[in-house]
Amino acid sequence: MKAFTYERAADPAAAAAQAARNPGARFIAGGTNLLDLMKLQIEAPAHLIDVNGLALGQVAVSADGGLRIGALVRNADLAAHATVRRDYPLLSRALLAGASAQLRNRATTAGNLLQRTRCPYFYDPQQACNKRLPGSGCAAIGGFNRNLAVLGASEHCIATHPSDMAVAMRALDARIETVRGDGSTRQIPIAQFYRAPGDTPHLETVLERGELITAVLLPPPLGGRQLYHKVRDRASYAFAIVSVGVVVQPDGHLRVALGGVAPQPWRVEAAEQPRADARRIASRLLDGAHTTEQNAFKLPLVERTLAAVLDEARA
């Protein structure tokens, strides 16, 4: 691990300002992803800004009846929160499907959204990876890519986003609240938060340099049946091959988001026809898919998983 300097942030605006002034700075909270990347020298920040002392660890009902989730709320606490379990069970289920109990006790809401891909070539500094080293190529294309993207990828990167929580947030139309280095704030719909890889896969979100996530905002509860199903190679501590988050509202309206298939949580609102069957919905969701010999099985797996979840949700 390379040497770095360290400071504890006094308030969100000051933390963002300091990070904006220092191109080599990174925020750290739970550190469940960043520290691993530093040990492997995939990331080598010159300066760490510890945000754990900021007052961003609360969950509160907002004025419009929705929910405001502080950026530092731990995944375990969020999954167990009574309001989340009652009004946003999709989010609770997705969180409990992720990582291990130990990691959920440390990982934060903001960190979960910002975690880096688990593509094996990204984690191997000896392999070409445009996400890790722009312009070096993508060893995953033509390599071992069974678990990689079939949607939304590009000729420069076929990595997937690993977050379960982000899939639920996408289905629930979350907004991400931030503070910039100049002290201004904004709210970013999660549908606009992640960048498509294109020819710049190292740019993963629309966050500006130094911009700090302060909260995630959920709209008022949708009600209805909310389910999350994750298909993986082993029963725990494994990333999704395919995951499906579904909300069937009381009036029959439908929301569907997929994980494990794209560089971001995948949702196509045009596919969400209230009375459509799983095959029709999957056809719209998977339109434009580009597969390899190794990961083509994900397409029928999405349809079968979606059918099972819809059957349960509509029962």
Side-chain angles (χ1 to χ4, degrees), residues 9 11-12 15-16 19 26-36 49-62 66-118 161-180 185-194 204-207 211-221 226 228 230 239-240 243 245 257 259 264-265:
D11 62 72
R26 289 292 304 272
F27 300 117
I28 187 167
T32 56
N33 188 202
L34 179 59
L35 290 178
D36 285 342
I49 303 173
D50 188 337
V51 297
N52 281 296
L54 304 182
L56 301 175
Q58 296 78 37
V59 179
V61 177
S62 52
L67 207 63
R68 187 179 192 277
I69 303 165
L72 294 178
V73 175
R74 307 292 164 169
N75 287 178
D77 294 335
L78 186 59
H81 195 279
T83 303
V84 175
R85 292 178 63 190
R86 183 189 68 232
D87 295 336
Y88 305 93
L90 173 59
L91 177 57
S92 182
R93 290 168 184 260
L95 284 163
L96 291 173
S100 65
Q102 295 91 334
L103 287 173
R104 292 195 297 269
N105 284 335
R106 288 299 303 162
T108 63
T109 299
N112 192 307
L113 291 173
L114 294 173
Q115 63 183 299
R116 309 295 302 275
T117 183
R118 263 56 177 195
H161 195 272
S163 173
D164 293 286
M165 185 192 77
V167 177
M169 293 293 194
R170 180 68 180 89
L172 295 169
D173 281 333
R175 289 170 292 138
I176 298 162
E177 179 185 275
T178 70
V179 59
R180 293 178 168 120
T185 62
R186 63 170 171 162
Q187 294 182 9
I188 309 166
I190 193 167
Q192 302 170 16
F193 183 70
Y194 294 105
E204 297 174 342
T205 72
V206 298
L207 293 177
E211 193 168 6
L212 174 68
I213 296 175
T214 53
V216 174
L217 309 175
L218 295 180
Q226 301 184 16
Y228 185 78
K230 179 177 181 178
F239 296 98
S243 65
Q264 56 188 288

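When atom types are taken as modelled, the side chain of Thr178 and the backbone of Ile213 share no donor-acceptor pair closer than 3.5 angstrom. A distance-only check finds no donor-acceptor pair linking the side chain of Arg175 to the backbone of Ile190 [under 3.5 Å]. Looking at Arg74, its side chain never comes within 3.5 Å of a backbone N or O of Ala107 through a donor-acceptor pair. Looking only at distances, no side-chain donor or acceptor of Thr109 sits under 3.5 Å from a matching main-chain atom of Leu72. A side-chain donor-acceptor contact under 3.5 Å links Lys230 to the backbone of Ala97. A donor-acceptor pair under 3.5 Å links the side-chain atoms of Gln115 to the main chain of Asn112, judged by distance alone. Looking at Arg118, its side chain does come within 3.5 Å of a backbone N or O of Arg116 through a donor-acceptor pair. With Asn52 contributing its side chain and Ala29 its backbone, the two residues share a donor-acceptor pair below 3.5 Å.
In this structure, Ile49 and Ala15 approach most closely via the heavy-atom pair CD1-O, 3.8 Å. Shown here for Gly259 and Val167, the closest heavy-atom pair between the two residues is CA-CG2, 3.6 Å. Across all their heavy atoms, Gly98 and Arg104 have their closest contact at O-NH1, 2.8 Å. Contact between Ala55 and Gln58 at its shortest, heavy atoms only, is O-OE1, 3.3 Å. Leu54 approaches Ala9 most closely through the heavy-atom pair CD2-O, 3.7 Å. Shortest non-hydrogen contact noted between His161 and Ala166 is CE1-CB, 4.4 Å.
To the nearest 0.5 Å, the span separating CG on Asp11 from CG on Leu56 amounts to 10.0 Å. Rounded to the nearest 0.5 angstrom, Asp77 CG and Ile69 CD1 are separated by 12.0 Å. Atom NE2 in His81 sits 9.5 Å away from atom CZ in Arg86 (nearest 0.5 Å).
Remark: Tyr88 engages no residue in a side-chain hydrogen bond (donor to acceptor under 3.5 Å, both in side chains) (not counting sequence neighbours). Taking Thr83 as the reference, nothing meets the side-chain hydrogen bond (donor to acceptor under 3.5 Å, both in side chains) condition, with sequence neighbours excluded.
Residues Leu91 and Leu78 have side chains in contact (heavy-atom distance under 4.5 Å, counting atoms from C-beta outward). Side-chain contact check for Arg180 versus Leu212: every heavy-atom pair is 4.5 Å or farther apart. Here the side chains of Ile188 and Val206 are in contact, with some heavy-atom distance below 4.5 Å. Contact check for Leu114 versus Asn33: no side-chain heavy atoms found under the 4.5 Å cut-off. Looking at Asp36 and Leu34, their side chains never come closer than 4.5 Å, going by heavy atoms from C-beta outward.
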Practice item. Test Tyr194 against Glu204 for side-chain contact (heavy atoms from CB on, under 4.5 Å), laying out the working first. Key: CA-CA 6 Å; Tyr194 294 105; Glu204 297 174 342; 5.7 Å; no

Check your understanding: Can Glu211 and Thr185 be said to form a side-chain contact (heavy atoms from CB on, under 4.5 Å), step by step?
Key -> CA-CA 9 Å; Glu211 193 168 6; Thr185 62; over 6 Å; no

Review point. Could you walk me through whether Arg170 and Asp173 pass the side-chain contact (heavy atoms from CB on, under 4.5 Å) check?
Key: CA-CA 5 Å; Arg170 180 68 180 89; Asp173 281 333; 3.8 Å; yes

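Val216 pairs with exactly one of Met169, Arg68, Glu177, Gln187 by the side chain to side chain contact (heavy atoms under 4.5 Å, CB included) rule, that one being Met169. When each of Leu90, Leu96, Leu95 is paired with Tyr228, the side chain to side chain contact (heavy atoms under 4.5 Å, CB included) condition holds for Leu90 and for no other.
More than 12 heavy-atom neighbours from other residues, nucleotides or ligands sit within 6.0 angstrom of CZ on Arg186.
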